[in-house]
Amino acid sequence: MSLALTVISLGAGVQSSTMALMAARGEIGPMPDCAIFADTGWESSRVYEWLDWLETQLPFTVIRASRLGLDLGNLSVGVASGAVPLKGSSLPPFFTAGPDGMRPKQCSKEFKTRVIGREVRRMLGVAPGKRGPKGKVVEQWLGISFDEMSRCKDAEQAFTTNRFPLVELRMRRQDCLGWIAERQYPTPPRSSCIFCPYRTNNEWRDLRDNTPSDWDKAVAFDHEIRRGFPGMTGAQFVHRQRVPLDKADLSTHAERGQIEFGFLQECDGMCGV
Ligand code: SF4
């Protein structure tokens with residue numbers, strides 16, 4: 001069966017940006033029909049600036065799509081204030097204290113994977129709630145690099161085949177940065193929500209030192225989600241030390257002789273690339 005659509009799942013980080021630029025230069029084929037960026041509304045300002053630039057370099061359309069209703073940040077704050085019911089909300093994996101734990105991660109599937117899936121269905125003309133086409137008619141490219149290939153997964157929709165061009169080319173994240181530098185493109189940022197609990201201390205420091213307005217927003221957000229949800233004992237935090245973000249010790253795990261904790265350990269492949 002011939003393909004109806006070839007789409008890039010564009011996280012707007014290092015790997016998916018490299019993949020999109022390689023496609024634009026004909027180094028990966030066939031030329032995609034479009035790239036889809038699932039916008040949680042809370043990426044760093046550097047990611048939005050990067051995306052604006054990237055669009056000017058690509059010969060195919062970049063579609064910015066969002067989940068209907070509240071964005072991820074406002075949903076999280078709404079649940080914490082009691083204004084939005086917890087049931088059915090798809091929240092980030094915040095750290096909880098009293099008892100210590102971590103909330104399940106529901107956000108990336110609802111705010112990234114399914115947003116792109118819905119956009120693909122719209123492009124195919126499939127009405128909400130209706131069955132999609134028979135056979136594999138969509139190829140979706142994901143920017144997962146060879147060093148992160150444990151994140152490769154099948155598509156949720158039966159008519160979509162996921163493809164991982166960077167894995168096919170055995171390109172690691174560092175190779176992507178090298179490819180970008182050799183062609184004298186600017187360096188892409190790491191993509192993720194500014195409040196994402198999967199940030200390493202290095203990344204928190206980078207946010208604090210290089211984009212202070214995003215840092216201030218993350219600190220304010222962390223304060224606003226403290227209550228967790230009505231009936232919850234204890235409190236929730238964006239930082240794993242379970243202290244207010246602006247009070248966290250941001251020395252790196254490496255500096256303290258511990259293992260770094262980041263996207264690879266927990267994310268299902270749609271965030272951070
Ligand atoms: S970047 Fe983090 S908070 Fe944002 S959608 Fe992905 S896992 Fe959730």
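Atom set for the values below is all heavy atoms of this structure, side chains included, hydrogens, waters and symmetry mates excluded. Ligands are counted one by one from 1 in listed order, and the atoms in each one are counted from 1 as well.
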J.: Does the ring center of F221 lie less than 6.0 Å from the ring center of W42?
T.: yes

J.: In terms of side-chain geometry, is the basic nitrogen of E110 or R67 positioned less than 4.0 Å from the acidic oxygen of its partner?
T.: yes

J.: Is there an N/O/S atom in C107 at a distance below 2.8 Å from atom 8 (Fe) of ligand 1?
T.: yes

J.: Would you mind listing which atoms of ligand 1 come within a distance below 4.0 Å of any non-hydrogen atom of C271?
T.: 1 (S), 5 (S), 6 (Fe), 7 (S)

J.: Which atoms of ligand 1 sit under 4.0 Å from any heavy atom of K105?
T.: 7 (S)

J.: For the pair E119 and R64, find out whether any cationic side-chain nitrogen is under 4.0 Å from an anionic carboxylate oxygen.
T.: no

J.: In the structure I gave you, are the side-chain heavy atoms of E139 and L5 within less than 4.5 Å of one another anywhere?
T.: no

J.: Could you confirm whether C196 has any N/O/S atom lying under 2.8 Å from atom 2 (Fe) of ligand 1?
T.: yes

